[in-house]
Amino acid sequence: MNEQVEDEITLRWADEPKAAYDVVIIGGGGHGLATAYYLATRHGITNVAVVERNWIGSGNSGRNTTIIRSNYGIPASVRFYQRSVELYAGLEAETGRSVMHQRKGLLWIHHSETGIRAERARAHLNQAMGVETEFVGPEEIKAIVPEIDLSGGGRFPVMGASHHLPAATARHDRVVWAFAEGAAAQGVDILQHTTVTGIRTAGGGSGAGRVTGVETDRGFIAAGTVLSATAGHTTTITDMVGLRIPIRTHQLQALVTNQYRGQGGRAFHPIVASAELAFYVSQTARGQMLMGAEWERQPSYSYRSGSEFLRSCTAKAITLLPFLRDLRVLRQWTGVCDISPDSSPIMGLTPVDGFLVTTGWGTWGFKGIPAGGEALAELIATGRTPALIAPFGLDRFARDRILADAGSAGTQ
Amino acid sequence: MKLHCPHCGPRSVEEFRHGEIPRVPDHLTDPAQRDLDRVWNRTNPQGPTTEAWFHEQGCHRWFHHERDTS
Ligand SMILES: Cc1cc2nc3c(=O)[nH]c(=O)nc-3n(C[C@H](O)[C@H](O)[C@H](O)COP(=O)(O)OP(=O)(O)OC[C@H]3O[C@@H](n4cnc5c(N)ncnc54)[C@H](O)[C@@H]3O)c2cc1C
Ligand SMILES: [Zn+2]
């Protein structure tokens, strides 16, 4: 952590919405706020409102397990997330706020020959693109995580892993607040407790029309550009302009235990994930063990948590890391995620003029917040889609250019 | 979470695969557009809905199931 950073955040809140803005961003999560931040700081576009129906960070950006990494399996994703990892590493210096960014390294463990093959291929691609991901065997894994049971409870023997060195974590709500404060300081209006209930368009004719503003429970707000950054609620927004998109909403749960200290008070340093077990764990700055598993199979918008997850997640955890048996679960919670069919995000223009989306962040989009925001800000400011996100457009489905990479997306 | 298979009775949701019932809007008239919509787009309803489930680790049959997603 940077010692220069101050802890007290002072955010300038907007009292009332103005009648009109250049840009209205729907959703005060990381993606919406980062876009506002980069619009203001990189492009001088400050006549911007972020409209959030609850409070900033109340969605997935304040509910995730905060893993930041770039060990993806297709070049477009590796490149994109590399940029995000880089921006995250510089975020404290840039904003002057502590986001508790910590480089930890991630072990992605496999228990099968097929898994090992996929992992080696990913490590090679990463290295070719300058990303530090190395393949490691069981002994090296044990040296990095002495707590691990290499027999995997006798059922999931640890056969190898990729070690992705730049993997990091950052405190999620601090990331949200750092972007919010930075944006507000430049004049961006952050409107909490304001719900978008409709989107107005004009024209149409043969096309899909052009956006003119948003209807909210505090009245109409005119805008030339509207960006939806609403995660699991994205289709409720795209429905407002009659736009159909490839997003389905699924729950993802997480849990946190009480404190753990290893031998001699040692912290549990790396992030550990198992692909076949669909489970991952890391330690928070407070020493609590933070873990998650798969997203729920049935589409759902509900924030309810379930005992089933508690049972299955802890059972998986204990298989690999038996010490977890002695800890207590303090809390569990749920987010609702925007799952795309190819497990890659969807960013950019839509057939409706002036209406943009950033979605498909699913269970993996915390790490993409800075690079997503930076690229969308550039697109909004210049009207041109930056090369970094060109492959991630909504039009890729019609063009048969899907970016299938579910194995790399995982749920973290 | 249990899902009720009409052929096998209540089983763990882990045994099933979720399927989309295509709801291609009528205003799409171009056949290619309709195909694209059917393959990729999702209605993603928030509220009561009917969906298709495939009992993958059971009777290997599709069935319709009513559920509230909100
Ligand atoms: C349990 C869990 C663990 C995760 N772990 C990781 C991880 O380790 N690493 C990783 O990279 N990603 C992870 N993710 C995914 C990550 O959290 C999300 O992809 C990311 O936070 C999405 O950010 P966002 O800004 O797009 O959405 P959100 O933060 O969800 O923000 C969307 C906002 O839109 C608002 N909104 C919705 N509808 C309206 C409306 N009509 N009007 C106004 N506002 C509206 C909502 O209130 C919400 O605040 C995890 C997710 C969950 C749930
Ligand atoms: Zn059956």
Side-chain angles (χ1 to χ4, degrees), chain A residues 204 206 208 230-239 242-251 253 278 293-312 315 336-342 344 346 350-351 359-360 394-404, chain B:
Chain A
S206 59
T230 50
H233 308 278
T234 299
T235 57
T236 68
I237 302 295
T238 50
D239 281 350
L243 179 67
R244 282 173 58 80
I245 57 165
I247 290 294
R248 200 144 56 195
T249 300
H250 288 268
Q251 300 166 304
Q253 307 191 46
E294 284 170 296
W295 36 279
E296 305 296 321
R297 289 186 181 215
Q298 331 85 286
S300 175
Y301 288 78
S302 164
Y303 285 94
R304 269 191 303 276
S305 299
S307 58
E308 202 121 328
F309 162 74
L310 204 60
R311 260 196 308 278
S312 75
V336 298
C337 301
D338 38 340
I339 306 284
S340 62
D342 57 1
S344 293
I346 301 172
T350 72
T359 184
L394 177 60
D395 60 351
R396 71 175 180 266
F397 299 96
R399 296 193 300 116
D400 200 18
R401 291 285 184 275
I402 65 162
L403 298 169
Chain B
M1 167 83 190
K2 297 255 191 240
L3 213 60
H4 191 97
C5 172
H7 314 293
C8 310
R11 295 291 186 88
S12 162
V13 71
E14 300 287 310
E15 297 185 5
F16 299 88
R17 202 143 55 86
H18 176 268
E20 184 85 7
I21 299 180
R23 296 184 175 89
V24 182
D26 293 339
H27 70 81
L28 290 178
T29 47
D30 175 48
Q33 288 297 321
R34 293 190 65 82
D35 284 349
L36 264 177
D37 190 87
R38 187 177 305 109
V39 173
W40 295 116
N41 289 336
R42 312 285 184 240
T43 303
N44 200 26
Q46 182 173 20
T49 183
T50 305
E51 43 189 31
W53 285 86
F54 180 57
H55 197 180
E56 195 166 29
Q57 293 168 38
C59 60
H60 250 242
R61 280 196 265 187
W62 284 96
F63 60 95
H64 282 190
H65 174 69
E66 277 175 37
R67 203 167 55 84
D68 190 342
T69 63
S70 56

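A note on names: the letters A, B, ... follow the listed sequences, proteins ahead of strands, and every chain is numbered from 1.
Contacts of B/T43 with chain A are made by both backbone and side-chain atoms, with heavy-atom separations under 4.5 Å. Contact annotation for B/Q33: neither backbone nor side-chain heavy atoms come within less than 4.5 Å of a heavy atom of chain A. The part of A/T236 that comes within reach of chain B is its side chain, from C-beta onward, which places non-hydrogen atoms under 4.5 angstrom from that chain.
The minimum heavy-atom distance linking A/T235 with B/N44 is given by the pair OG1-ND2, 2.8 Å. Minimum heavy-atom separation, A/S302 to B/S70: CB-O, 3.9 Å. Counting all heavy atoms, side chain and backbone alike, B/R42 lies closest to A/P341 at NH2-CB, 4.0 Å. Scanning all heavy atoms of the two residues, the minimum distance from B/V13 to A/R297 falls at O-CD, 3.7 Å.
The candidate from B/H27, B/E51, B/Q46 with the greatest count of non-hydrogen atom pairs under 4.5 Å with chain A is B/Q46. Looking only at heavy-atom pairs under 4.5 Å with chain B, the residue among A/I402, A/I247, A/V336 that has the most is A/I247. Looking only at heavy-atom pairs under 4.5 Å with chain A, the residue among B/D35, B/D68, B/T69 that has the most is B/T69.
For A/R401, the CZ atom counts as loosely surrounded, since its 6.0 Å shell holds 12 or fewer non-hydrogen atoms of other residues, nucleotides or ligands. For A/D400, the CG atom is loosely surrounded, since the number of other residues' heavy atoms within 6.0 Å does not exceed 12.
At least one donor-acceptor pair under 3.5 Å links the side chain of B/R67 to the backbone N or O of A/P299. In this structure, A/Y301 contributes its side chain and B/G47 its backbone to no donor-acceptor pair below 3.5 Å.
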Derivation and outcome, side-chain contact (heavy atoms from CB on, under 4.5 Å), residues A/Q298 and B/F16:
CA-CA 10 Å; A/Q298 331 85 286; B/F16 299 88; over 6 Å; no

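Using the six-membered ring where Trp is involved, B/H18 and A/H250 have ring planes that are perpendicular, over 60° apart on the 30 and 60° scheme.
The stretch residues 303-311 of chain A places A/R304, A/E308 near chain B, each with some heavy atom under 4.5 Å from a heavy atom of that chain.
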